[in-house]
Amino acid sequence: MNTILWVLQGLLAVMFSMAGIMKATQPVEKLSEKMPWVKDYSAFMVRFVGVAELLGGIGLVVPWLTGIMPVLTPVAAVALCLVMVLAAIYHARHNEWKAISFNFVLFAIAAFIAYGRF
């Protein structure tokens with residue numbers, strides 16, 4: 001079980017960290033080409049989401065790996081579940097059903113990590 005959790009933590013951490021870095025550093029105009037939702041929000045909000053995803057990705061691995069406040073790992077997983085719920089709500093309002101299925105998969109993985117690490 002521990003090995004499965006570590007693999008999932010690593011995969012999710014890489015995904016969220018890469019997405020977070022992209023949203024936090026790239027110009028909003030460039031992001032809007034690949035992510036239409038960016039047009040509906042301010043640059044501050046896009047950066048905020050990016051930083052939240054980056055911190056969540058880091059939080060999935062570093063606390064448990066170092067043994068320093070390991071409770072932060074499942075907390076980060078729960079926070080990423082919330083991010084996925086909010087993203088799914090946005091996509092549902094815009095009839096983007098394929099995006100919701102991706103959000104659901106990420107939510108399920110994060111929820112499994114939270115359950116396994118709590």
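With hydrogens and angles ignored, the 3.5 Å screen pairs no side-chain donor or acceptor of R117 with any backbone N or O of V71. When atom types are taken as modelled, the side chain of Q26 and the backbone of L31 share no donor-acceptor pair closer than 3.5 angstrom. With hydrogens and angles ignored, the 3.5 Å screen pairs a side-chain donor or acceptor of S32 with a backbone N or O of E29.
Between L8 and F112, the closest heavy-atom pair is CD1-CD2, 3.5 Å. Closest of all the heavy-atom pairs between G59 and P63 is O-CD, 3.3 Å. M15 approaches L106 most closely through the heavy-atom pair CE-CD2, 3.5 Å. A110 approaches A77 most closely through the heavy-atom pair O-CB, 3.4 Å. Scanning both residues, H91 and N103, for their nearest heavy atoms gives CD2-OD1, 3.0 Å.
Both V61 and I109 are assigned to one and the same hydrophobic cluster, defined by single-linkage of ILVMFWY side chains at heavy-atom distances under 4.5 Å. Under a hydrophobic clustering in which Ile, Leu, Val, Met, Phe, Trp and Tyr are joined whenever their side-chain heavy atoms come within less than 4.5 Å, directly or via other members, V46 and I21 fall into different clusters. Following chains of ILVMFWY side-chain contacts shorter than 4.5 Å, one cannot reach L54 starting from L82, and the two form parts of different hydrophobic clusters. Note: the hydrophobic cluster containing W64 also contains F16 (ILVMFWY, side chain heavy atoms under 4.5 Å, direct or indirect links). Cluster annotation: V14 is not connected to V49 through the hydrophobic network of ILVMFWY side chains, with a link wherever side-chain heavy atoms come within less than 4.5 Å.
How far CD1 of I100 is from CG of N95: 8.0 Å, rounded to the nearest 0.5 Å. Distance check, rounded to the nearest 0.5 Å: CD of E53 to CE of M18 gives 11.5 Å. For the atom pair OG of S101 and CD of E96, the computed distance is 11.5 Å after rounding to the nearest 0.5 Å. To the nearest 0.5 Å, atoms CG (L55) and CG (L60) are separated by 11.0 Å. Between atom NZ of residue K30 and atom OG1 of residue T25 there is a gap of 9.0 Å, rounded to the nearest 0.5 Å.
For the pair V78/F118, a side-chain contact is recorded, criterion being any heavy-atom separation below 4.5 Å from C-beta on. Looking at Y90 and D40, their side chains come closer than 4.5 Å, going by heavy atoms from C-beta outward. Between R47 and V28, some side-chain heavy-atom pair lies under the 4.5 Å cut-off. By the 4.5 Å heavy-atom criterion applied to side chains, L12 and I113 are counted as neighbours.
Judged by a 6.0 Å distance limit and a 45° cone about the ring axis, R93 is not positioned over the six-membered ring of W37.
The aromatic rings of F107 and F104 lie parallel to each other, with less than 30° between the two planes, well short of the 60° mark.
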